[in-house]
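Step one of this worksheet: look at the structure below.
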Amino acid sequence: MSQDEAVLPGGAIEGARKAGGKVNPLWTFGLLRSELLTTFRRWRTLALLAVLAAVPILVGIAVKIETGDGGSMGGGGPQGGGPAFISQITNNGLFLVFTALAATLPFFLPMAIGVIAGDAIAGEANAGTLRYLLVAPAGRSRLLLTKYATTMAFCLVATLVVAISALTVGALLFPLGELTTISGTRISFAEGLGRALLIALVVAASLIGVAALGLFVSTLTNSGIAAMATTVGLLITVQILDQIPQLHALQPYFFSHYWLSFADLMREPVYWDDLVKNLGIQGLYAAVFGSAAWARFTTRDITA
Amino acid sequence: MEELPDTVIATQALTKRYRGGQLAVDGLDLTVPAGSVFGFLGPNGSGKTTTIRMLMGLIEPTAGSARVLGQPMPRSARAVLPHVGALIEGPALYGFLSGRDNLLRYDAADPTADPRTRRTRVAAALDRVGLTAAAGKKAKAYSLGMKQRLGLAAALLQPRRLLVLDEPTNGLDPQGMREIRSLIRELASDGTTVFLSSHLLDEIEQVCTHAAVMAQGRLITQGVVAELAAGVRGRLVVTTPDAGEAARVLKEQGAGDVVVIDDRVTAEPPDRDLADVNAALVKAGVRVRGFGVERASLEDAFVALTGEGFDVAG
Ligand SMILES: Nc1ncnc2c1ncn2[C@@H]1O[C@H](COP(=O)(O)OP(=O)(O)O)[C@@H](O)[C@H]1O
Ligand SMILES: [Mg+2]
């Protein structure tokens with residue numbers, strides 16, 4: 001490694017020095033920039049984001065029509081003890097954000113992550129572009145880290161797309177204002193907005209586990225489609241197993257088990273127990289499947 | 001400063017057995033001198049691509065070792081590969097990106113490539129392969145020849161010390177082949193070492209200074225192209241309407257392996273002055289239209305070395 005260059009904060013210095021010119025360690029981030037641009041310019045990515053943006057619109061319109069008829073929304077969240085946010089939407093459009101996140105977190109969001117993560121390495125292998133990235137040379141660890149960072153960026157963007165779409169629709173169709181927490185206390189709209197942002201970040205972080213799993217699957221095969229299908233299949237399987245009482249002992253280790261704990265951020269005071277467990281599980285999945293992906297990808301024969 | 005002639009690629013007993021059990025490369029000892037245009041010749045399935053994958057660090061050798069630009073591969077991939085441009089098993093592109101954006105992406109993948117000069121270098125590479133006009137088109141709309149040229153452009157994004165080109169003319173029409181070959185000659189004349197794999201004998205003969213011949217994963221021979229062929233004697237060719245009589249006379253004169261095809265009689269030249277052989281033909285009343293020795297081709301060398309024909313169709 002180059003000793004005569006200042007080590008920039010957080011910048012890993014890697015790569016060979018060219019015979020004549022100096023190699024700037026920051027150049028290593030060129031790949032991340034390219035990866036982000038490539039991912040977010042893809043038609044497929046935009047289609048996934050469009051589907052996610054459509055969910056709050058549909059929910060908002062449905063609620064508006066239901067209540068417009070004079071009926072009242074039945075209580076009960078989407079599933080598994082989920083919060084009863086939906087009944088509050090007509091009072092306050094901000095609740096559409098919580099409702100939409102609760103509605104997309106069990107399936108739509110992780111499915112979109114599964115598509116992006118599953119395709120990350122396998123898709124490049126499938127197209128043959130992987131070998132050219134590697135002889136560029138992208139470096140296997142660097143490429144994997146770049147792919148992981150991009151998948152995380154997609155988790156965040158996807159969640160924010162749902163939240164912002166919900167906020168816009170909520171503001172257009174329903175009144176905004178002070179809101180009541182699950183514990184019954186009143187908080188200002190500004191604080192409610194702050195909590196909504198925090199919830200969006202927690203929801204995005206809840207997807208880290210699926211992202212790591214998908215990336216690992218992606219290093220196992222040369223078929224992007226197979227990797228995507230496997231990841232989404234695992235997602236559905238885990239969601240089903242999480243409902244079976246006999247598997248009680250295993251369930252705390254499922255990446256989706258504490259997903260709906262984000263609702264605890266709407267309590268006063270905030271109930272942190274399950275939130276922390278959720279983030280812990282996500283960290284565990286990231287560590288385990290991240291290492292597995294690294295071990296696999298750095299030793300694998302690239303013949304595609 | 002005098003140095004021994006540099007070796008750009010050196011392998012020792014390089015061996016690859018794929019997971020399926022297929023022994024694709026078997027104890028390969030290859031030496032590619034700096035500045036050469038090195039032809040890596042072999043029929044389909046003879047292990048050329050497998051060798052190149054090992055040289056580029058894409059797959060791990062089962063046994064043996066490989067050095068590229070003096071450094072061990074795949075261990076030194078990060079140091080070596082920025083100096084190497086490669087086209088492996090045909091081009092691979094992002095169909096949804098334009099030709100230019102494809103190159104920008106591949107360049108961004110190289111951590112030693114200066115982003116400040118990226119656009120200029122991409123433009124220069126596009127220009128070099130004649131794709132400037134099509135640079136903004138989506139790569140999926142490119143013809144095979146254009147894809148191949150874009151792949152070459154990716155190999156030319158930086159000044160390289162070595163170009164590894166795996167069957168770069170595969171699937172192209174004669175015009176496309178000519179274009180790529182003249183581009184390769186041009187690149188080689190700049191002093192870049194070119195390692196060119198091909199299953200086409202005439203391609204290697206036309207373009208290369210050195211060659212190695214592979215068959216079924218084994219190295220048959222390697223060396224200077226002219227010497228490989230020179231090791232095999234040329235054939236005596238007589239063109240005449242009196243082919244039968246000519247064949248009889250040639251045998252009489254000590255020529256071996258006499259073959260008659262229509263009005264062409266070929267044979268291994270006897271160990272005597274060919275002027276006398278010609279005189280004998282004329283004296284016997286053979287009407288000679290043409291008389292001469294054909295230079296041995298690489299194909300003759302291949303046949304002589306392997307005892308079998310070069311199966312071009314593979
Ligand atoms: N990924 C692979 N897995 C198993 N066998 C392979 C693989 N790639 C190539 N082979 C086999 O290895 C041998 C050499 O192939 P290859 O190196 O592609 O030859 P060439 O490039 O000279 O046509 C062939 O018999 C081929 O079938
Ligand atoms: Mg091949």
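This one's a predicted model, so the numbers in the text were calculated from it and none came from an experiment.
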> Do NZ/NE/NH1/NH2 and the carboxylate oxygens of B:Asp107 and B:Arg121 come within less than 4.0 Å?
Replying inline: yes

> Based on non-hydrogen pairs under 4.5 Å, which of B:Gly57, B:Gly90, B:Pro74 is most in contact with chain A?
Replying inline: B:Gly90

> For B:Ile88, is it the side chain, the backbone, both, or neither that has a heavy atom closer than 4.5 Å to a heavy atom of chain A?
Replying inline: both

> Between B:Thr15 and B:Asp26, is any side-chain donor less than 3.5 angstrom from a side-chain acceptor?
Replying inline: no

>> Restricting to non-hydrogen atoms, name the atom on B:Met56 and the atom on B:Ala86 that form the minimum distance, rounded to 0.1 Å.
In response: SD-CB, 4.0 Å

> So which part of B:Tyr106 gets closer than 4.5 Å to some heavy atom of chain A, the side chain, the backbone, both or neither?
Replying inline: both

> So, for A:Val97 and A:Ala166, which heavy atoms are closest and what is the spacing to 0.1 Å?
Replying inline: CA-CB, 3.6 Å

> Which bit of B:Tyr18 comes within less than 4.5 Å of chain A, counting heavy atoms only: side chain, backbone, both or neither?
Replying inline: side chain

> When rounded to the nearest 0.5 angstrom, what distance separates OG1 in A:Thr231 from CZ in A:Phe216?
Replying inline: 10.5 Å

> Using 4.0 Å as the upper bound for N to carboxylate O, is an ion pair formed by B:Arg128 and B:Asp190?
Replying inline: yes

> Which of the residues B:Ala154, B:Gly151, B:Ala155, B:Ala108 is involved in the greatest number of heavy-atom pairs with chain A at under 4.5 angstrom?
Replying inline: B:Ala108

> With a 4.0 Å cut-off, would you call B:Glu89 and A:Arg131 a salt bridge?
Replying inline: no

>> I need the single residue from B:Thr49, B:Asp166, B:Thr51 that forms a side chain to side chain donor-acceptor pair (under 3.5 Å) with B:Ser197. Which is it?
In response: B:Asp166

> With respect to chain B, which residue among A:Leu143, A:Leu32, A:Leu133, A:Leu134 yields the maximal number of heavy-atom pairs within a distance under 4.5 Å?
Replying inline: A:Leu133

> Less than 4.0 Å between a side-chain N and a carboxylate O, is that true for A:Glu124 and A:Lys147?
Replying inline: yes

>> Give the interface residues of residues 36-44 of chain A toward chain B, defined by a heavy-atom separation under 4.5 Å.
In response: A:Thr38, A:Arg41, A:Arg42

> Which answer fits B:Leu87, side chain, backbone, both or neither, if we ask what part of it has an atom under 4.5 Å from a heavy atom of chain A?
Replying inline: both

>> Quick check for you: among B:Leu58, B:Leu104, B:Val164, B:Leu157, which has the greatest number of heavy-atom pairs under 4.5 Å with chain A?
In response: B:Leu58

> Under a 4.5 Å heavy-atom cut-off, does chain A meet the side chain of B:Arg105, its backbone, both or neither?
Replying inline: both

> Should the pair B:Asp6-B:Arg161 be classified as a salt bridge under the 4.0 Å nitrogen-to-oxygen rule?
Replying inline: no

